[in-house]
Amino acid sequence: MKTRTILAGTALAVASTLTLAGCAGGGSGQNADGSVTLTLWHNSTTGDGKQYWEDTAAAFEEANPGVTIEIQALQNEELDGKLQTALNSGDAPDLFLARGGGKLADMVEAGQAMDLTDKISPETKTVLGASLGAFEVDGKNYGMPVAVLPSGIFTSQDLLTAAGVTAAPATISDLEAANTKIRATGVAPIAVGAKDAWPAAQWYYNFALRACAKDVLDAAAETRSFDDPCWLDAGENLQSFLATQPFNEGFLTTAAQQGAGSSAGLLANHQAAMELMGAWNPGVIASLTPDEQPLADLGWFPFPEVPGGDGEEGAIMGGVDGYSCWVNAPAQCTDFLNFVVNQENQERYADAFQTIPASSEATGAVTTPALQSALQAYTDAPYVSVWLDTLYGQNIGNALNVAVVDMFAGKGSPQDIVDGVNAAAARS
């Protein structure tokens with residue numbers, strides 16, 4: 001199946017704040033009395049994000065008598081596995097968080113996702129623009145984007161200033177030099193939650209974005225072959241970076257987003273100066289500061305350039321969060337998706353999640369300087385690659401993430417990453 005895996009540089013979108021719990025059953029559909037119950041799975045169990053979904057569901061129910069939305073919040077690291085189990089059982093939620101790429105293509109091939117192509121209103125298609133491409137498979141659309149999530153390095157500007165780092169590192173050698181200055185002040189240069197695997201793997205994704213040309217990234221989604229030399233180059237460049245010891249002490253057992261000791265918590269509490277993460281991070285960081293308010297000195301810069309690679313300068317790794325309908329969901333599922341992306345709800349989403357909304361009508365709600373910088377870089381990027389574990393599907397993505405963490409732990413090599421991914425591709 002062919003899925004659009006590289007997004008246009010002009011795409012706009014939104015994210016999801018993470019930290020969750022709970023689980024629930026599948027879609028209920030039409031009830032005996034003619035009413036309709038929709039089940040919704042998302043990944044925001046606390047704070048403004050959780051309240052956003054409750055308020056939005058209530059507003060939709062008020063405007064659509066006879067429709068009830070039952071909401072379940074799932075911890076982010078558990079969502080994919082529980083969703084896949086529910087889909088395979090034939091008792092899936094009607095609405096669920098989706099991220100496009102190979103993961104969505106696999107659902108489409110299995111007949112588990114609803115074709116939304118003719119169900120998205122013309123007005124919605126206009127304001128969402130290129131971000132809809134993230135949910136396109138074989139020329140048809142299977143999801144509604146709510147947020148764009150460019151990857152980059154979030155910073156404590158106060159800690160950078162205290163270390164004498166006065167300009168954003170433009171190259172990886174610049175970043176290494178900044179790390180040396182920061183470490184001398186007694187704080188960790190960079191926090192990473194390697195316990196959760198994917199935050200560590202993001203470092204490989206970004207090194208691959210710099211090492212590999214766009215057509216190589218595209219081709220691998222179709223051929224499932226990772227034999228181009230750039231994949232090994234990316235691992236070797238990451239290994240060299242790891243040798244400079246850029247991360248917080250105990251990074252292998254550090255969680256990404258849960259608690260003050262997580263990588264986001266280290267940044268929130270000025271115990272680390274930087275963290276590589278997607279554009280949902282400001283909301284997560286705000287929930288972990290001592291007063292649970294946005295980090296006043298939060299900054300952002302794009303992943304540095306790595307000389308010698310084939311990736312185009314300014315390209316960005318990122319993603320688009322959205323929602324899909326189960327193939328057997330009631331018709332009201334698509335009505336709710338169109339409702340979620342109207343201007344008012346997208347502006348509310350941007351505010352609740354402190355992120356970048358998918359709708360071009362709602363980007364005025366992005367007021368955080370760090371996110372404004374990320375949005376500008378995202379808009380200016382020659383292309384944006386979806387997260388590699390999303391781009392290449394769950395089986396390959398899991399193998400990639402595990403192999404990268406093994407190298408972080410000193411138990412694997414750049415060649416082991418390539419070999420592991422190729423082996424997973426051969427099985428998929």
Side-chain angles (χ1 to χ4, degrees), residues 9 150-192 194 199-213 230 233-249 251 263-264 266-267 270-279 281-282 285 295 297-318 369-385 404 407-408 414:
S151 171
I153 297 181
F154 288 90
T155 67
S156 162
Q157 291 300 106
D158 288 350
L159 292 183
L160 293 186
T161 299
V165 180
T166 58
T171 67
I172 202 70
S173 60
D174 291 342
L175 181 59
E176 291 172 352
N179 290 343
T180 299
K181 292 180 178 180
I182 295 164
R183 189 180 299 108
T185 67
V187 299
I190 303 172
V192 63
Q202 281 195 60
W203 283 90
Y204 179 83
Y205 304 166
N206 278 277
F207 274 106
L209 182 71
R210 296 291 180 250
C212 299
C230 71
D233 291 343
E236 290 175 344
N237 290 337
L238 174 56
Q239 189 174 53
S240 295
F241 184 69
L242 289 172
T244 67
Q245 299 182 329
F247 299 123
N248 57 289
E249 184 176 350
F251 62 85
S263 55
L266 293 177
L267 182 57
H270 287 148
Q271 295 176 346
M274 294 178 280
E275 183 188 22
L276 174 65
M277 195 54 66
N281 213 29
I285 291 169
L295 188 66
D297 65 323
L298 187 66
W300 182 93
F301 63 88
F303 193 84
E305 299 297 328
V306 182
D310 293 330
E312 188 169 346
E313 184 174 347
I316 283 185
M317 183 66 61
L371 285 178
Q372 290 174 333
S373 297
L375 176 58
Q376 188 62 55
Y378 196 70
T379 302
D380 294 343
Y383 52 89
V384 179
S385 173
V404 172
M407 193 172 78
F408 268 58

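Throughout, residue positions are numbered sequentially from 1 according to the sequence presented.
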Could you check whether any side-chain heavy atom of [X] comes within less than 4.5 Å of a side-chain heavy atom of [Y], counting everything from C-beta outward?
{"X": "Asp297", "Y": "Thr155", "answer": "no"}
{"X": "Ile285", "Y": "Leu298", "answer": "yes"}
{"X": "Glu275", "Y": "Ile153", "answer": "no"}

Would you please indicate if the ring centroids of Phe301 and Phe154 are separated by under 6.0 Å?
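Centroid distance Phe301-Phe154: not below 6.0 Å, so no.
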If you measure from [atom1] on [X] to [atom2] on [Y], what distance do you get to the nearest 0.5 Å?
{"X": "Ile190", "Y": "Asn248", "atom1": "CD1", "atom2": "CG", "value": "9.5 Å"}
{"X": "Met317", "Y": "Phe207", "atom1": "CE", "atom2": "CZ", "value": "12.0 Å"}
{"X": "Leu266", "Y": "Phe251", "atom1": "CG", "atom2": "CZ", "value": "13.0 Å"}
{"X": "Gln202", "Y": "Phe303", "atom1": "CD", "atom2": "CZ", "value": "10.0 Å"}
{"X": "Glu176", "Y": "Thr180", "atom1": "CD", "atom2": "OG1", "value": "8.0 Å"}
{"X": "Phe247", "Y": "Ser263", "atom1": "CZ", "atom2": "OG", "value": "10.5 Å"}

Taking all heavy atoms of [X] and all of [Y], pick out the closest pair and write down the distance.
{"X": "Ser385", "Y": "Leu209", "result": "CB-CD1, 3.9 Å"}
{"X": "Trp300", "Y": "Ala370", "result": "CB-O, 3.6 Å"}
{"X": "Tyr383", "Y": "Glu312", "result": "OH-N, 3.0 Å"}
{"X": "Ile182", "Y": "Pro189", "result": "CG2-CA, 3.7 Å"}
{"X": "Leu267", "Y": "Met274", "result": "CD1-N, 4.0 Å"}
{"X": "Ser156", "Y": "His270", "result": "OG-CD2, 3.2 Å"}

Is it true that, when you exclude Gln372 itself, more than 12 heavy atoms of the residues, nucleotides or ligands shown sit nearer than 6.0 Å to its CD?
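Correct, the count exceeds 12.
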Side chain to side chain donor-acceptor pair (under 3.5 Å) partners for Thr244, two or more places apart
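Not a single residue meets the side chain to side chain donor-acceptor pair (under 3.5 Å) criterion with Thr244.
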Return all side-chain donor-acceptor pairs below 3.5 angstrom for residues 158-170, not counting sequence neighbours, or 'none' if the list is empty.
{"residue": "Thr161", "atom": "OG1", "partner": "Gln157", "partner atom": "O", "Å": "2.9"}

Could you work out, with salt bridge (Lys or Arg N to Asp or Glu O under 4.0 Å) as the rule, every residue matching Glu305, not counting sequence neighbours?
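With neighbours one apart ignored, the set is Arg210.
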Give the intermediate values and the outcome of side-chain contact (heavy atoms from CB on, under 4.5 Å) for residues Ser151 and Asn206.
CA-CA 9 Å; Ser151 171; Asn206 278 277; 3.6 Å; yes
Does Ala264 offer a backbone N or O that forms a donor-acceptor pair with the side chain of Asn281 under 3.5 Å?
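Flag not set: sc Asn281 to bb Ala264 has no pair under 3.5 Å.
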Kindly determine whether Asp380 and Gln376 satisfy side-chain hydrogen bond (donor to acceptor under 3.5 Å, both in side chains), including the steps that lead there.
CA-CA 6 Å; Asp380 294 343; Gln376 188 62 55; 3.0 Å; yes
Would you call the rings of Phe241 and Trp203 parallel, tilted or perpendicular, taking 30° and 60° as the class edges?
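Judged by the thresholds at 30° and 60°, the geometry between Phe241 and Trp203 is parallel.
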